Amino acid sequence: MALPKLSLDEKKKALKKAQEVRSKRAKIRQNLKAGKTTIREVLDNINDDVIAKMRVVYLLESLPRIGKVKTKKIMTDIGIDETRRIQGLGNRQKQALIERLGSN
């Protein structure tokens with residue numbers, strides 16, 4: 001698939017939009033790490049485009065006391081592919097994450 005040709009203004013708008021998404025995603029991760037929000041609240045807001053397109057790996061690694069090794073184990077146990085985004089989780093997978101990490 002060929003990339004579209006963008007004008008300078010379109011490129012600036014796209015860069016600004018990407019930066020805003022990264023900032024919002026970083027804020028969500030900070031709130032998770034600080035305990036200001038829970039994984040249940042994040043998974044309930046799946047209609048938010050920023051949350052929907054976040055990788056499950058990044059979400060789990062944002063939780064306190066959950067690192068890369070524990071994230072990989074949790075995802076393997078539940079049957080979530082490491083490239084899966086939040087919007088691609090099934091109801092059973094979301095429920096399993098909430099049951100396992102609900103207190104975070």
Side-chain angles (χ1 to χ4, degrees):
M1 183 174 133
L3 294 175
K5 298 269 185 191
L6 300 177
S7 69
L8 186 58
D9 281 344
E10 290 171 328
K11 286 180 184 178
K12 285 181 180 178
K13 283 181 186 175
L15 285 173
K16 185 176 181 182
K17 182 180 176 186
Q19 192 173 27
E20 288 172 1
V21 169
R22 283 194 298 270
S23 295
K24 287 179 184 176
R25 203 171 285 151
K27 183 73 176 171
I28 291 167
R29 295 181 73 192
Q30 282 177 338
N31 287 341
L32 274 170
K33 192 162 273 300
K36 293 179 183 176
T37 188
T38 64
I39 192 164
R40 178 184 297 268
E41 291 170 340
V42 173
L43 292 177
D44 285 345
N45 286 326
I46 201 160
N47 293 331
D48 183 345
D49 210 32
V50 173
I51 291 174
K53 292 184 179 176
M54 181 186 285
R55 292 196 185 272
V56 177
V57 169
Y58 299 136
L59 175 70
L60 296 183
E61 288 177 357
S62 301
L63 294 168
R65 298 180 312 273
I66 306 282
K68 290 182 180 187
V69 173
K70 204 177 252 186
T71 295
K72 188 172 183 172
K73 182 177 181 345
I74 290 169
M75 291 180 68
T76 301
D77 290 349
I78 295 174
I80 302 171
D81 188 80
E82 64 185 42
T83 60
R84 180 73 57 192
R85 295 183 188 274
I86 292 175
Q87 67 185 0
L89 290 174
N91 288 334
R92 183 188 60 78
Q93 292 170 324
K94 282 190 252 180
Q95 193 60 38
L97 283 174
I98 290 170
E99 286 174 10
R100 189 146 180 180
L101 305 165
S103 62
N104 289 323

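A quick note: this is a predicted structure, and the numbers were derived from the prediction, not measured.
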Enter the distance from Leu59:CG to Met75:CE here, rounded to the nearest 0.5 Å.
9.5 Å
Quick one: pull up CZ in Arg85 and CD1 in Ile46 and give me the separation to the nearest 0.5 Å.
12.5 Å
From CD1 (Ile80) to CZ (Arg92), nearest 0.5 Å:
8.0 Å
Given Leu60 and Leu63, is the side chain to side chain contact (heavy atoms under 4.5 Å, CB included) satisfied, shown in steps?
CA-CA 6 Å; Leu60 296 183; Leu63 294 168; 4.1 Å; yes
Gap between atom CE of Met54 and atom OG of Ser62 - 0.5 Å precision:
6.5 Å
With a sphere of 6.0 Å drawn around CG of Asp77, does it hold more than 12 non-hydrogen atoms of other residues, nucleotides or ligands?
yes
Main-chain N/O of Gly90 paired to Gln93 side chain as donor or acceptor, under 3.5 Å:
yes
d(Glu61 CD, Arg29 CZ) to nearest 0.5 Å is 7.0 Å
Between Val56 and Thr83, is there a side-chain heavy-atom distance shorter than 4.5 Å?
no
Is a side-chain N or O of Glu41 found less than 3.5 angstrom from the main chain of Thr38, in a donor-acceptor match?
yes
Provide the closest heavy-atom pair for Leu32 versus Ile39 in the form atom of the first, atom of the second, distance.
CD2-N, 3.9 Å
Within the 4.5 Å heavy-atom criterion, are Lys53 and Gln87 side-chain neighbours or not?
yes
Distance only, no hydrogens: is a donor on one side chain within 3.5 Å (strictly under) of an acceptor on the other, for Ser7 and Asp9?
no
How long is the span from the CG atom in Leu43 to the CD atom in Gln95, to the nearest 0.5 Å?
9.5 Å
Taking only residues two or more places apart in sequence or in another chain, which ones pass side-chain contact (heavy atoms from CB on, under 4.5 Å) with Glu20?
Lys16
Would Ile74 and Leu97 satisfy side chain to side chain contact (heavy atoms under 4.5 Å, CB included), going step by step from the backbone distance to the final call?
CA-CA 8 Å; Ile74 290 169; Leu97 283 174; 4.0 Å; yes
If you count the non-hydrogen atoms of other residues, nucleotides and ligands that lie under 6.0 Å from NZ in Lys24, is the total more than 12?
no
